[in-house]
Amino acid sequence: MPELPEVETIRKQLAAKITGLTITGATIYLEKVIAAPAPVRFGETIRGRAILGVNRRGKFLLFDLSGGYRLVVHLRMSGQLVYETADGPLPRHTHLVFHLDRGRLRLTDLRQFGRVWLVPAAGAEVKELRKLGPEPLSSAFTEEYFLARLQKSRRRIKALLLDQEVVAGIGNIYADEALYAAGVHPARRASDLSVREGKALYRAIRDVLREGIAHRGTSIRDYVDAVGEEGSHQHFLKVHNRAGRPCPECGTRIEKVKLGGRGTYFCPRCQPL
DNA sequence: TGTAGACCAAT
DNA sequence: ATTGGTCTACA
């Protein structure tokens, strides 16, 4: 569930804590979390490299390393990336530990879906990274672009919001919240939205993501930030994970349906079909 | 072009 | 049985 606000929270914290530190080694407990290169080569290549900066693209974390290398991390559903200076026992489901010259950075992931790549910084070998659409909070994501994408798709609007090629970083939580804020039913066809609705949704996307960042992310199930603490945005959600509770606007019970295989929450009155 | 299944393991 | 981000498979 780490979406853009959660990953951005982790990025900020790690940038402050580990920029300038050196990776002295890596311990791999579950080989499949290393997407590239092969695990042995991964360990050899990362050893001794300094962390020059921590960036983010969509839901990907990008660590710029010395010697022209880049470490790419995607937490997928339940991944946690935690920096700690303690050296006690590792929590269950810890699959990878980076040892730093001060402290350690561990990847802990209940569902084992998270992935890590170590690639030349100049190259483009992480396929999913290449295909990402614009950053929603950057000037590259314009209203004109978004309206044009809406116009040429017959997909359900929720599916479009979750498509990382359209815009990078939105996941299930913020998609539901943005659609609610814009008053748009999640099952509407994208091209059926009016220009007015499209504009409202464009604005809502940016608003809900900024709010999520301001609250250091949403902790519903597994998410913790880079120091192991929960975010607080779960207390501010208006519809997501709130089936049966009253809509904050009109009091109607929030409904939950399955859309594209995902739990989808909305207010049937504020978001009519 | 768009939608369903596979991957996981705790709840 | 449910949970979901992304890739793969298929219509």
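So you know, we letter chains A, B, ... as the sequences are listed, proteins then strands, and number each from 1.
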For this session: Begin with the C-alpha distance, continue with both residues' side-chain angles, and end with the deciding distance and a verdict on side-chain hydrogen bond (donor to acceptor under 3.5 Å, both in side chains) for A:T264 and A:K158.
Result: CA-CA 9 Å; A:T264 298; A:K158 176 153 182 190; 3.0 Å; yes
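- Across all strands, A:S78 comes closer than 4.0 Å to no nucleic acid atom at all (heavy-atom distances).
- The nearest whole Å value for the distance from the CD atom in A:Q164 to the P atom in C:dT6 is 4 Å.
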For this session: Go through the steps for A:S191 and A:S153 under the test side-chain hydrogen bond (donor to acceptor under 3.5 Å, both in side chains), then give the verdict.
Result: CA-CA 6 Å; A:S191 57; A:S153 173; over 6 Å; no
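- One can place CZ of A:R76 at 15 Å from P of B:dA9, the figure rounded to the nearest angstrom.
- A donor-acceptor contact under 3.5 angstrom links the side-chain atoms of A:R111 to the base of C:dT3.
- Aromatic stacking of A:F113 on C:dT6: not satisfied for centres closer than 5.5 Å together with planes under 30 degrees.
- Checked against a 6.0 Å centroid threshold, the rings of A:F266 and A:Y180 do not count as neighbours.
- Between the CZ atom of A:R262 and the P atom of B:dG5 there is a distance of 13 Å, rounded to whole Å.
- If you take CD of A:Q234 and P of C:dT3, they are 19 Å apart, rounded to a whole angstrom.
- In this entry the distance linking CG of A:L259 with P of B:dT3 reads 9 Å, nearest Å.
- One atom, CZ of A:R92, and another, C1' of B:dA9, lie 9 Å apart when rounded to the nearest Å.
- Here the two rings, on A:Y29 and A:H95, have centers that are 6.0 Å apart or farther.
- Between A:D109 atom CG and C:dT6 atom C1' the separation is 13 Å, expressed in whole Å.
- Using a 4.0 Å heavy-atom cutoff across all strands shown, A:K152 reaches no nucleic acid atom at all.
- Within 4.0 Å of A:R154, counting heavy atoms only, lie sugar-phosphate atoms of the nucleic acid but no base atom.
- A straight line from CZ of A:R189 to C1' of B:dT1 spans 12 Å, rounded to a whole angstrom.
- Of all nucleotides listed (C:dT3, B:dA10, B:dG2), C:dT3 comes nearest to the side chain of A:K258.
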